[in-house]
Participant: 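Would you mind keeping the following structure in view while I ask a few things?
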2 protein chains.
Amino acid sequence: MVAANTNRKSRARAEAAGRSHDPEGVRRDILAVATEEFADNGLSGARVDEIAARTQTSKRMIYYYFGDKEGLFVAVLEAAYGRIRAIESDLDLAGMEPAAALRTLTEFTFSYQNDNPDFVRLVMVENIHKGVHLARSEKIQAVNVSVLAVLRDIYQRGVATGAFKAGLDVIDIHMTISALAFFNVSNRATFSLIFKRDMASRAALARRRKAVADTVMGFVRPD
Amino acid sequence: MVAANTNRKSRARAEAAGRSHDPEGVRRDILAVATEEFADNGLSGARVDEIAARTQTSKRMIYYYFGDKEGLFVAVLEAAYGRIRAIESDLDLAGMEPAAALRTLTEFTFSYQNDNPDFVRLVMVENIHKGVHLARSEKIQAVNVSVLAVLRDIYQRGVATGAFKAGLDVIDIHMTISALAFFNVSNRATFSLIFKRDMASRAALARRRKAVADTVMGFVRPD
DNA sequence: CACGAATTTAACTGTTTCGTACAAAATAAT
DNA sequence: ATTATTTTGTACGAAACAGTTAAATTCGTG
């Protein structure tokens with residue numbers, strides 16, 4: 001009942017000395033490369049051979065650990081969703097004043113998506129495929145509901161103090177935040193091309209982040 | 001200087017009688033099928049053989065008219081952008097009161113994107129590919145700036161009457177409208193899966209359309 | 001109606017790509 | 001010591017796939 005080679009000591013040794021048995025390290029290596037490859041080229045566009053070539057290991061190991069290409073994609077999605085959840089739970093918004101908390105949450109979401117275009121692009125790819133891989137994964141389903149709890153707390157406190165308009169749907173608010181943050185990454189190529197607008201520079205991001213936060217605050221503002 | 005087989009009479013005859021030479025009809029047929037196929041499966045995921053099989057014509061004609069798979073994709077994008085521009089220019093917002101005009105424009109955009117998921121999905125696909133096909137097409141570049149002129153007129157009139165807050169960027173407003181309308185289609189699969197929210201029913205769309213319009217109005221509303 | 005240009009048909013080519021087979025060895029757990 | 005897990009490496013099969021060759025048909029035009 002002891003976890004195989006996953007305890008800290010043996011793993012650390014394996015990595016440091018370049019030892020040969022390090023299943024978790026191999027998985028991480030494959031997942032990191034596959035994340036980039038799927039984010040760049042989509043599910044059909046990504047090449048298993050190319051992923052294998054860019055890892056420290058071989059194609060054989062991809063199939064050993066992930067079964068097939070789609071299994072690898074599911075694992076990549078799970079890892080990506082896992083990362084954002086881990087970071088989200090680090091935010092301490094319960095102690096802040098409602099308006100400040102909502103603005104902070106919005107700006108954090110915006111910054112996270114912009115700092116992690118691979119996550120956004122994976123979600124785009126998964127949506128092109130109608131969410132079938134997400135649906136297949138049990139791990140992910142429970143993940144993102146935690147954001148809603150945080151937001152619900154902020155909103156209810158805001159309504160109580162009169163800072164926010166009553167009667168809004170928390171999922172609506174979340175959708176608005178997500179949409180505005182997501183679009184800046186997902187549609188950057190076509191939008192900036194058509195409207196000749198830089199969307200990736202530090203200054204442009206700061207400007208847009210403020211506009212997005214203002215938009216969200218405008219939505220919850222009482223009449 | 002007379003256009004070959006493209007005048008109305010001969011085309012109509014060709015279609016009606018099932019005649020063999022009908023270049024424009026063949027192009028339309030291919031484009032219609034390819035639009036669905038690319039929107040469903042992405043650029044790499046779409047299969048030329050599958051597109052060919054679903055047309056009335058053969059694979060060879062795809063290459064005859066569009067050169068290669070990417071050429072076909074560019075043509076599909078051009079046609080999709082062309083359609084939205086054609087409809088947008090039909091809206092008569094110049095005569096409306098600024099607030100009503102902005103709300104109408106927002107709701108129209110929302111409805112158009114939701115009624116035309118293939119358009120949204122094509123734009124997603126193109127963004128996965130960093131906009132390289134859009135960049136290659138001269139036709140599209142000039143297209144979408146017309147929306148900005150309409151929006152600029154509305155906004156300036158609204159500022160003049162005091163209905164809107166001054167100092168906003170028209171592209172920012174457009175981006176907000178686009179993001180909120182787009183997301184409802186682009187991320188429907190993953191979002192509705194995670195948050196167990198129906199986003200496609202008539203009632204859900206009406207609700208969300210109002211929320212989106214309220215959000216936009218909140219953004220331009222004076223302090 | 002002749003003749004060159006445009007359009008269409010049908011079978012074919014060569015490569016890419018996912019996934020596996022085979023054969024064996026190093027390492028870890030018990 | 002023995003059993004299970006992890007790793008290496010190459011080569012290969014079979015299907016999927018984008019794109020082509022070449023000839024035939026139809027059409028506009030003089």
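Sequence lines set the chain letters: A, B, ... in the order given, protein chains first and strands last, and positions in each chain run from 1.
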Participant: To the nearest angstrom, how far is Phe38(B) atom CZ from dA18(D) atom P?
Facilitator: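 Roughly 9 Å, once rounded to whole Å.
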
Participant: Nearest 0.5 angstrom please: Ile177(A) CD1 to Phe182(A) CZ, how far?
Facilitator: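 The distance works out to 15.0 Å.
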
Participant: If you assign Val48(B) and Arg60(B) each to the DNA chain D nucleotide with the nearest heavy atom, which residue ends up on the more 5' nucleotide?
Facilitator: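 The residue closer to the strand's 5' end, by nearest nucleotide, is Val48(B).
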
Participant: Output the rounded distance in Å from CZ (Phe66(A)) to P (dT6(D)).
Facilitator: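 Distance, rounded to whole Å: 12 Å.
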
Participant: Is the phosphate of dT9(C) approached by Thr57(B) (side-chain N or O, under 4.0 Å from OP1 or OP2)?
Facilitator: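 For dT9(C), OP1 or OP2 has a side-chain N or O of Thr57(B) closer than 4.0 Å.
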
Participant: Report the distance from atom CD1 of Ile62(B) to atom P of dT20(D), rounded to the nearest whole Å.
Facilitator: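 Value for this atom pair: 13 Å.
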
Participant: Considering every strand and a 4.0 Å limit on heavy-atom distances, what is the contact class for Ser58(B): base, sugar-phosphate, or nothing?
Facilitator: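 Answer is base: heavy atoms of Ser58(B) come under 4.0 Å of a base.
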
Participant: Rounded to whole Å, please give me the gap between OH in Tyr63(B) and C1' in dA22(D).
Facilitator: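 About 18 Å, once rounded to whole Å.
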
Participant: Under 4.0 angstrom, heavy atoms only, what part of the nucleic acid is Arg47(A) near: base, sugar-phosphate, or nothing?
Facilitator: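 Since only primed, P, OP1 and OP2 atoms lie under 4.0 Å of Arg47(A), the category is sugar-phosphate.
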
Participant: Tell me the interatomic distance from Lys59(A), atom NZ, to dA11(D), atom P, rounded to whole angstroms.
Facilitator: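 So the NZ-P distance, Lys59(A) to dA11(D), works out to 13 Å.
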
Participant: So, taking the atom named CZ in Phe110(A) and the one named CG in Leu205(A), what distance separates them when rounded to the nearest 0.5 Å?
Facilitator: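 Here the rounded value is 5.5 Å.
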
Participant: Rounded to whole angstrom units, what separation is found between the CG atom of Asn41(A) and the C1' atom of dT16(C)?
Facilitator: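 About 15 Å, once rounded to whole Å.
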
Participant: Return the value, rounded to whole Å, for the distance between atom CZ of Arg27(B) and atom C1' of dA6(C).
Facilitator: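 That distance rounds to 14 Å.
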
Participant: Please work out whether the ring planes of Phe108(A) and Tyr112(A) are parallel, tilted or perpendicular, with thresholds of 30° and 60°.
Facilitator: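 Phe108(A) vs Tyr112(A) ring planes: tilted.
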
Participant: So Tyr65(A), base contact, sugar-phosphate only, or nothing? Heavy-atom distance under 4.0 Å.
Facilitator: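 Sugar-phosphate: the residue Tyr65(A), judged by heavy atoms under 4.0 Å, touches backbone atoms but no base.
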
Participant: Rounded to the Å, how far apart are Ile51(A) CD1 and dT17(C) P?
Facilitator: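 It works out to 12 Å between those atoms.
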
Participant: Suppose we call a contact any N or O donor and acceptor under 3.5 Å apart; does that hold for the side chain of Lys69(B) and the base of dG19(D)?
Facilitator: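 Not at all, since no donor on one side and acceptor on the other fall under 3.5 Å apart.
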
Participant: If I take atom OG1 from residue Thr57(B) and atom CG from residue Asp29(B), how far apart are they, to the nearest 0.5 angstrom?
Facilitator: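 It is 7.5 Å, given to the nearest 0.5 Å.
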
Participant: Indicate, with a heavy-atom threshold strictly under 4.0 Å, whether Ala52(A) touches base, sugar-phosphate, or nothing.
Facilitator: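 Nothing, no nucleic acid heavy atom in range.
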
Participant: According to the interplanar angle, ranging from 0 to 90°, do the rings of Phe191(A) and Phe183(A) count as parallel (below 30°), tilted (30 to 60°) or perpendicular (above 60°)?
Facilitator: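 Correct class here is perpendicular.
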
Participant: Establish, with yes or no, whether the OP1 or OP2 oxygen of dT6(D) is under 4.0 angstrom from a side-chain nitrogen or oxygen of Tyr64(A).
Facilitator: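 Answer yes for this pair, as a side-chain N or O of Tyr64(A) is under 4.0 Å from OP1 or OP2.
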
